[in-house]
Engineer: 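The following block contains the structure, expressed as structure tokens.
All values derive from a computational prediction rather than experimental measurement. Residue numbering restarts at 1 for every chain, and letters A, B, ... go by the order of the sequence lines.
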There are 2 protein chains.
Amino acid sequence: MKAVGKRISATGKVAECAHVGRPRCFDTDEALDAALAVFWKKGYEGTSLADLTKAMGIERPSLYAAFGNKEGLFRKVLNRYACKSEEFVAEALGQRTSRAVVQRLLMGNVDMTADPRNPAGCLLVQAAVAGGDESEAIRGEVNSLRRAGELALRKRLQRAKTEGDLPSDAEPADLAGYVFTVAHGMAVRAKSGATRTELKRVAETAMRAWPT
Amino acid sequence: MKAVGKRISATGKVAECAHVGRPRCFDTDEALDAALAVFWKKGYEGTSLADLTKAMGIERPSLYAAFGNKEGLFRKVLNRYACKSEEFVAEALGQRTSRAVVQRLLMGNVDMTADPRNPAGCLLVQAAVAGGDESEAIRGEVNSLRRAGELALRKRLQRAKTEGDLPSDAEPADLAGYVFTVAHGMAVRAKSGATRTELKRVAETAMRAWPT
DNA sequence: CAGATAATTTACCGTGCGGTACAGAATAGG
DNA sequence: CCTATTCTGTACCGCACGGTAAATTATCTG
């Protein structure tokens with residue numbers, strides 16, 4: 001019970017720690033990225049442990065020792081994905097006008113869901129929609145992540161209202177819900193093979209709903 | 001090879017036919033409805049044959065004799081679902097103005113995806129987003145169904161343009177893509193537990209993008 | 001070098017999956 | 001009543017799944 005070999009690399013990049021025993025042969029973050037790619041492409045239920053170990057280049061017990069089990073691994077992957085998303089979300093929320101904020105959000109969503117460098121679609125949307133019994137616990141976590149993002153946008157829009165950047169009859173909650181709905185729809189279309197230019201046209205059309 | 005006991009009940013309601021041998025003990029359409037409910041709730045990959053036979057009230061070999069296999073059953077279920085959808089889609093496309101058409105489409109989508117009488121979300125969206133290898137063939141069929149609906153709307157909007165119901169710079173393809181994107185997004189949110197009133201507000205906000 | 005600790009490897013477990021062989025039961029025609 | 005035909009029910013198949021026991025190997029501490 002005096003083990004101290006606690007790695008924090010999932011959150012920060014700090015990997016220096018007094019470790020006792022045989023050191024790990026793989027990089028945790030790289031393994032998580034590999035797992036992310038698989039889950040992103042095939043969904044939670046559609047991904048088997050064989051898929052994961054093959055992609056991550058490790059054996060099954062190493063995976064269990066490092067991440068608990070399939071669900072635990074997926075939760076860590078979710079956090080990692082959410083962190084990557086939050087990069088561009090934070091950048092978008094920092095725009096000066098609410099219109100620019102939403103435009104960046106939608107365009108960033110297009111770039112993320114239809115980037116040929118990573119799997120099509122959105123991991124969160126795919127996990128939220130997967131319906132099996134085993135992923136019921138997953139859906140809860142996914143929903144809270146989604147709600148957190150929507151709440152951040154809503155607060156940003158409320159600020160915009162006080163700044164006169166949005167008309168006084170605008171409803172930040174409705175607008176934020178609308179924006180996220182469009183984003184989710186674009187993720188579905190991206191998964192179905194829609195191209196970036198196609199999705200950007202959708203985003204532009206969606207922006208026509210934005211109050212002056 | 002002189003069998004003539006071919007039932008057509010899946011398409012029409014004609015069940016009268018000269019049948020030889022033991023008659024079927026269950027109603028094909030009722031069984032399809034039961035299967036639809038399960039697939040709708042749990043997705044294609046999340047549904048097991050045990051789930052299906054339990055819900056349909058038949059044994060496994062009866063299912064295989066009547067519908068081929070799991071994928072064949074799902075295809076028949078898809079057609080049945082598409083038929084049900086097409087009811088309200090046709091009604092919506094019959095509206096006089098393009099604005100009314102889209103409003104009905106979105107509201108009908110809300111009613112269908114958030115109706116407490118049937119599972120939340122949209123079967124097509126869930127099937128389109130499911131990522132496993134086994135459902136790759138499924139995705140093709142789902143996509144063609146989706147495209148068919150979008151094409152119907154696009155043609156309706158083109159007609160609206162010639163009638164002066166839409167401005168001459170309106171792009172029917174972009175608008176149809178936008179409407180379907182919103183619909184898909186609403187299906188995702190419905191699956192995540194959004195209420196009808198919440199979704200209707202989204203639909204109203206989405207309508208603000210509609211050209212005068 | 002010896003002991004403690006932890007990660008690796010191999011091989012395996014029980015379970016549930018989609019799908020089916022086979023025998024019995026129900027109908028139609030002769 | 002007999003036969004041909006088709007559906008029903010039981011019981012089963014091979015397989016892939018998520019997860020693990022146990023032995024081995026690599027590293028740190030003393």
Side-chain angles (χ1 to χ4, degrees), chain A residues 1-7 9 15-28 30-31 35 38-39 42-75 77 130 132-138, chain B residues 1-7 9 15-28 30-31 35 38-39 42-75 77 130 132-138:
Chain A
M1 276 297 264
K2 50 180 166 177
V4 213
K6 197 177 173 191
R7 291 223 175 50
S9 64
E16 342 273 359
C17 53
H19 71 272
V20 179
R22 179 170 177 173
R24 188 160 280 152
C25 289
F26 60 94
D27 181 79
T28 311
E30 282 178 14
V38 183
F39 277 130
K42 312 180 82 162
Y44 176 69
E45 313 193 74
T47 301
S48 71
L49 282 186
D51 295 329
L52 289 168
T53 53
K54 185 175 158 196
M56 300 164 84
I58 64 179
E59 298 299 322
R60 215 167 294 203
S62 300
L63 190 156
Y64 277 80
F67 305 106
N69 59 4
K70 190 184 175 186
E71 182 177 330
L73 172 60
F74 189 73
R75 287 178 189 276
V77 163
D133 297 325
E134 49 175 324
S135 56
E136 187 149 354
I138 297 290
Chain B
M1 278 298 263
K2 49 178 165 176
V4 212
K6 198 179 173 189
R7 291 222 176 52
S9 65
E16 343 273 358
C17 55
H19 69 272
V20 179
R22 179 170 176 171
R24 189 161 280 150
C25 288
F26 60 94
D27 182 79
T28 312
E30 282 177 15
V38 182
F39 277 130
K42 312 179 81 162
Y44 177 69
E45 312 192 76
T47 300
S48 71
L49 282 187
D51 294 329
L52 290 169
T53 53
K54 184 176 157 195
M56 302 165 84
I58 64 180
E59 298 300 321
R60 216 167 292 206
S62 300
L63 190 156
Y64 276 81
F67 305 106
N69 59 4
K70 189 184 174 185
E71 181 178 332
L73 172 60
F74 189 73
R75 288 179 189 275
V77 163
D133 297 324
E134 48 174 325
S135 56
E136 188 150 354
I138 297 291

Engineer: Round to the nearest Å and state the distance from A/Glu71 atom CD to D/dG18 atom C1'.
Structural biologist: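 Rounded to whole Å, this separation is 12 Å.
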
Engineer: Enter the distance from B/Thr47:OG1 to B/Leu73:CG here, rounded to the nearest 0.5 Å.
Structural biologist: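 The CG atom of B/Leu73 is 9.5 Å from OG1 of B/Thr47, to the nearest 0.5 Å.
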
Engineer: Kindly say whether, by distance alone, the side chain of B/Arg22 makes a donor-acceptor pair under 3.5 Å with the base of D/dT8?
Structural biologist: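 Not at all, since no donor on one side and acceptor on the other fall under 3.5 Å apart.
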
Engineer: Measure NZ/B/Lys54 against P/C/dC17 and give the value in whole Å, please.
Structural biologist: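 Distance check: B/Lys54 NZ to C/dC17 P gives 11 Å.
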
Engineer: Nearest whole angstrom, please: distance from the P of C/dT9 to the CD1 of A/Ile58.
Structural biologist: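 Atom-to-atom, A/Ile58 to C/dT9, this comes out as 10 Å.
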
Engineer: Roughly, in whole Å, what's the span from OH in B/Tyr64 to P in D/dC13?
Structural biologist: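 The answer, rounded to whole Å, is 17 Å.
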
Engineer: What nucleotide, of C/dA26, C/dT9, D/dT27, holds the atom closest to the side chain of A/Pro23?
Structural biologist: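 The answer is D/dT27.
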
Engineer: Quiz question: going by heavy-atom distance under 3.5 Å, is there a donor-acceptor pair between the base of D/dG9 and the side chain of B/Arg60?
Structural biologist: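 By the distance-only test, no, there is no pair.
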
Engineer: With a non-hydrogen cut-off below 4.0 angstrom, is A/Thr53 in contact with a base, only sugar-phosphate, or nothing?
Structural biologist: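 A/Thr53: no heavy atom of the nucleic acid under 4.0 Å.
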
Engineer: Can you see whether B/Phe39 has B/Lys70 sitting over its ring - NZ or CZ less than 6.0 Å from the centre and within 45° of the normal?
Structural biologist: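 Ring-cation test returns no.
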
Engineer: For the atom pair CG (B/Leu49) and OH (B/Tyr64), what is the distance rounded to the nearest 0.5 Å?
Structural biologist: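 It is 4.0 Å, given to the nearest 0.5 Å.
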
Engineer: Identify the heavy atoms of B/Ala130 and B/Ser135 that sit nearest to each other, and give their distance.
Structural biologist: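 Smallest heavy-atom distance, with atoms named: O-OG, 3.8 Å.
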
Engineer: If I take atom CD in residue A/Glu59 and atom P in nucleotide D/dA21, what distance separates them, rounded to the nearest angstrom?
Structural biologist: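 About 18 Å, once rounded to whole Å.
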
Engineer: Can you tell me the distance, in whole Å, between the CG atom of B/Asp51 and the P atom of C/dC17?
Structural biologist: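 After rounding, the gap between these two atoms is 7 Å.
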
Engineer: Does A/Ser48 make a side-chain N or O approach to OP1 or OP2 of D/dC17 shorter than 4.0 Å?
Structural biologist: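 Looking at the OP1 and OP2 atoms of D/dC17, one of them is under 4.0 Å from a side-chain N or O of A/Ser48.
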
Engineer: Could you check B/Glu134 against B/Pro61 and say which one's nearest nucleotide on DNA chain C is further toward the 5' end?
Structural biologist: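 Closer to the 5' end of DNA chain C: B/Glu134.
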
Engineer: Taking the minimum atom-to-atom distance to the side chain of A/Ala50, which one of D/dC17, C/dG19, D/dG19 wins?
Structural biologist: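 My answer, after comparing the listed nucleotides, is D/dC17.
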
Engineer: Got a second to check how far B/Ile138's CD1 is from B/Glu45's CD, nearest 0.5 Å?
Structural biologist: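 Result: 9.5 Å between the selected atoms.
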
Engineer: Go through C/dT9, D/dT8, D/dT20 for me and flag the one nearest to the B/Arg24 side chain.
Structural biologist: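 Minimum distance to the B/Arg24 side chain belongs to D/dT8.
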
Engineer: Given atom CG of B/Asp133 and atom P of D/dC17, what is their separation to the nearest angstrom?
Structural biologist: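 Result: 10 Å.
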
Engineer: Heavy atoms from C-beta onward define the side chain here; which of D/dT8, C/dT8, C/dG19 lies closest to that of A/Ser62?
Structural biologist: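 Comparing D/dT8, C/dT8, C/dG19 against the side chain of A/Ser62, the answer is C/dT8.
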
Engineer: Tell me the interatomic distance from A/Leu49, atom CG, to C/dT15, atom P, rounded to whole angstroms.
Structural biologist: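 Whole-Å distance recorded here is 18 Å.
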
Engineer: Counting heavy atoms from C-beta on, name the nucleotide in C/dG18, C/dT5, D/dG18 closest to the side chain of B/Lys70.
Structural biologist: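 Among C/dG18, C/dT5, D/dG18, the one nearest the side chain of B/Lys70 is C/dG18.
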
